[in-house]
Amino acid sequence: MSSALARNRLGVASIVFFIVSAAAPLTVIGSGAVLTFANTKTIGIPIAYAVIAVVLALFAVGYVAMSRHITNAGAFYTYVAQGLGRVPGVGASFVAVLAYNAMQVGLYGGFGAILASHLNTWFGWSVPWWALALLAWLVIAVLGVLRIDFNSRVLAVLLTAECLIMLVFNVVELGNPADGTITFDSLSPSNLVTAGVGALLVTAVTGFVGFEGGAVYAEESRDPRRTVARATYIAVAFVGVLYAVSAWALTVAIGPDRIVDAATQQQADLIFTFNAGFLGGWIVDTGRILIVTSLFAALVSFHNTVARYLFALGREKVLPAGLGSTNRRTGSPYVGSLTQTVLAFGVIVVFAAAGLDPLIDLMYIGTTFGGLGVVILMALTSISVIGYFGRRGDTGENAWRKFVSPAIAAILLLVVLWLTLDQYSTLLGLPAGHPAVWILPLTFAVFGVAGICWGAYLKSARPSVYAAIGLGANSVIGRASQDLPARTDSSGVIPAITSPGLAMGPIRHEVFRIGADHPIGPVSRVLSEAFVTGEVAEWLVPDPEDRRRIYPAYWAMAVEHALGVGEVFAGGELSGVSVWYPAVFGPPHASPRDWDQRIDVMCGPYAPRFHALHHAMDAAHPKAPHHYLAYVAVLPELQSRGIGTALVQHRLRELDIASMPAYLEATNRRNLALYVHLGFQPTGGPIALPDNGPKLYPMWRPPSVHRGL
């Protein structure tokens, strides 16, 4: 068991697959858009999709700006905690867990009911919807504990087929317009000044739910600062264009004056019935199959999202700590995954036993209810972005990203939220006085207040847990980093007052990745203290006093860069640190761009030796794809306790799973022997430094060596 998600598993394309799969495009158009035509008696859903895409693009500007500074599977919860405060953050976390579970579990009703209808039509089989839902439930339960990249490959296949059939339908519909004329009536902005505009907008928002999931997978992505932003923008643009064009094409084919009546009569069969006249039954049946796989893909995506939310809350002990456990082999948050699986099973059984309608009572109400919760979270997050950047100085983000775009998004989202609540009865298709019209929205208020009360309790009764709220991967080491002693006292003994885990008891060897938002000082202090002595340090700066003066600034620069583009891990609650750089598509970016200039200013007369070391290491660096272990350091007073070995082994396990080699330079023969034990072998000759300097020993480790370490 571990407490860290698997790293470097997901690229931009993989995250896009998760985001777009959660949106379930074929289901949204074939069912959601058609039912909206029927329920609202308006033709405005295509323009509603386009408008919401613009609103969400504005929201994404601040959202992804924050993702460059905070890497956490908790996403919305973490952003609210760091932007508005820990207590509101816990309230947001309760809302998020409720909303995403409602979305995920609700989709089981649609999957079971639609598949049951198809089986009855094709084969005459009468299969209960709940039996088919439980079959999907079982498969998703297994997928949830497997590697995340395997899940992304499953989604890639399903989503590609789904989007291709949608494009085929769009071409047929636009090629056969009603009355022979392509019209743009449904794209007119005038459709948004109707009595049912709130229902239109919340339906449109629900179709996009899942696009914000990029940040949920940030800890498992390659280069989170870039990957999350690119995936989010691509997904919003792709889904927005696909939805608006597909819904508009349907109105062109049926006719804007006839689409409401046709949707009311045929409902979810409308898109298939029309295209059957031009494509033949076989391709339409393929479309019917793909709408089922579309729902399955969305179930997989939302299941993974819920599991990661529960993991993030368990890791920070806001919810039971067991939820924050991951499988060492697959890196999956398996406890959170199994918890969601149990919850889904209970809901399916209850709905089946009560004889409720799986399409209306479970899927439609469940997903629109969840969509309402996500609108609340997005509005809070936009405000949180402003709060987060308002309290910080130079973050490298401009005013548009920090303040202007989030403010506009917050206003627009609050308008959407108000319209939704005002017209919630229209959305549900119920009388204004029906209890569900006020009970469902009130549920989010109840959960939010309960979360705020729980956060206030943690603040007063469990301050150590409260202090770690919103820190994500840093939560386990956050308390230690706040008061870690710089060095031992004059007797060489660690001071009596130490941070948790650094007292005279056994050192914890659990390893955690340090997020990009972690303070630089505590990390750089470990490296500075560990490397202030030794052959290389004495060669670089012979004068010990000068070395003590130069090293803190030098290592602060190195850590600042590593937290931005590298991978930093802590062990023994920040008594040890390792720094890795991916070198998969070229050399590792192990130094900032202005490294030479900063070294000249920082190191003065010693700068030439720093330059010589840098150039010698660059010249010897291998060209083949690998990950580079730049540094591994342990506080001097805690060395020889296995902390450094645990740090290296942790990353090597992940690299073995990814079939990725590793490279390092050993600084002396003692370290060389340790690395040989871990599977490294010398490669090429030693790196000889000038002026009778020490030798460095380049070492290479192929993947899958000593996998059981």
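Contact between Pro25 and Val20 at its shortest, heavy atoms only, is CD-O, 3.4 Å. Closest approach of Gln82 and Gly470 over heavy atoms only: NE2-O, 2.7 Å. Smallest separation of non-hydrogen atoms from Leu132 and Phe111: O-CE2, 3.5 Å. Across all their heavy atoms, Val61 and Ser405 have their closest contact at CB-OG, 3.3 Å. Gln104 and Ala344 get closest at one heavy-atom pair: OE1-CB, 4.2 Å. Counting all heavy atoms, side chain and backbone alike, Met363 lies closest to Leu107 at CE-CD2, 4.4 Å.
The main-chain N or O of Pro333 is never found under 3.5 Å from a side-chain atom of Ser337 such that the two would form a donor-acceptor pair. One N or O on the side chain of Trp137 and one on the backbone of Thr341 form a donor-acceptor pair closer than 3.5 Å. Not one N or O on the side chain of Ser31 forms a donor-acceptor pair closer than 3.5 Å with the backbone of Val28. Between the side chain of Asp422 and the backbone N or O of Trp418 there is no donor-acceptor pair closer than 3.5 Å. The closest donor-acceptor contact from the side chain of Thr251 to the backbone of Pro256 lies at 3.5 Å or more, if one exists at all. Remark: the backbone N or O of Tyr364 is paired with a side-chain donor or acceptor of Thr367 at under 3.5 angstrom. Checked by atom type and distance alone, the side chain of Ser117 never pairs as donor or acceptor with a backbone atom of Ala113 at under 3.5 Å. For the pair Thr181 (side chain) and Pro177 (backbone), a donor-acceptor distance under 3.5 Å is absent. Checked by atom type and distance alone, the side chain of Thr381 pairs as donor or acceptor with a backbone atom of Leu377 at under 3.5 Å. The backbone N or O of His303 sits nowhere less than 3.5 Å from a side-chain atom of Arg308 that would complete a donor-acceptor pair.
Taking the side chain as every heavy atom from C-beta outward, Val239 and Leu56 never approach each other to under 4.5 Å. Between Pro406 and Ile383 there is no side-chain heavy-atom pair separated by less than 4.5 Å. Counting only heavy atoms from C-beta outward, the side chains of Ser332 and Leu146 never approach each other to under 4.5 Å. A heavy-atom distance below 4.5 Å is found between the side chains of Met378 and Val205. Annotation: side chain of Tyr233 is not in contact with side chain of Val16 (no heavy-atom distance under 4.5 Å). Between Val139 and Leu143, some side-chain heavy-atom pair lies under the 4.5 Å cut-off. Between Leu35 and Gln267 the shortest side-chain heavy-atom distance falls below 4.5 Å. Residues Thr42 and Phe37 fail the side-chain proximity criterion, which asks for heavy atoms closer than 4.5 Å.
Distance check: Leu414 CG to Thr420 OG1 gives 11.0 Å after rounding to the nearest 0.5 Å. Once rounded to the nearest 0.5 Å, the distance linking CE of Met166 with CD of Glu173 reads 9.0 Å. To the nearest 0.5 angstrom, Ile47 atom CD1 is 10.5 Å from Ile52 atom CD1. From Ile254, atom CD1 reaches atom CG of Leu270 across 4.5 Å, with rounding to the nearest 0.5 Å. Between the CG atom in Leu167 and the OG atom in Ser246 there is a gap of 7.0 Å [rounded to 0.5 Å]. For the atom pair CD1 of Ile439 and CG of Leu442, the computed distance is 8.0 Å after rounding to the nearest 0.5 Å.
With respect to Asp261 and Lys41, no salt bridge is recorded, no charged nitrogen being found less than 4.0 Å from a carboxylate O.
For Tyr63, the ring-ring contact (aromatic ring centres under 6.0 Å, His included) partners at least two apart in sequence or on another chain are Phe59, Phe76, Tyr79. For Leu290, the side-chain contact (heavy atoms from CB on, under 4.5 Å) partners two or more places apart in sequence, or in a different chain, are Leu26, Ala161, Ile165, Thr286, Thr293.
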What do the steps show when you test Phe296 against Ile140 for side-chain contact (heavy atoms from CB on, under 4.5 Å), and what is the final call? CA-CA 9 Å; Phe296 180 81; Ile140 291 167; 3.7 Å; yes
Full working for side-chain contact (heavy atoms from CB on, under 4.5 Å) between His118 and Ile289: CA-CA 8 Å; His118 292 344; Ile289 294 171; 6.0 Å; no
Go through it in stages, so that I can follow the logic: the residues are Ile114 and Arg288, the test is side-chain contact (heavy atoms from CB on, under 4.5 Å), and I'd like the CA-CA distance, side-chain angles, deciding distance and then a yes or no. CA-CA 9 Å; Ile114 293 173; Arg288 294 181 188 276; over 6 Å; no
side-chain contact (heavy atoms from CB on, under 4.5 Å) between Leu372 and Tyr424, worked out: CA-CA 10 Å; Leu372 173 62; Tyr424 203 55; 4.1 Å; yes
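For Trp248 and Phe184, the gap between ring centers is short of 6.0 Å. Aromatic ring centroids of Tyr243 and Tyr49 lie under 6.0 Å apart. Phe369 and Phe444 have their aromatic ring centers within a separation under 6.0 angstrom. Checked against the 6.0 Å centroid criterion, the rings of Tyr309 and Tyr77 do not qualify as a close aromatic pair.
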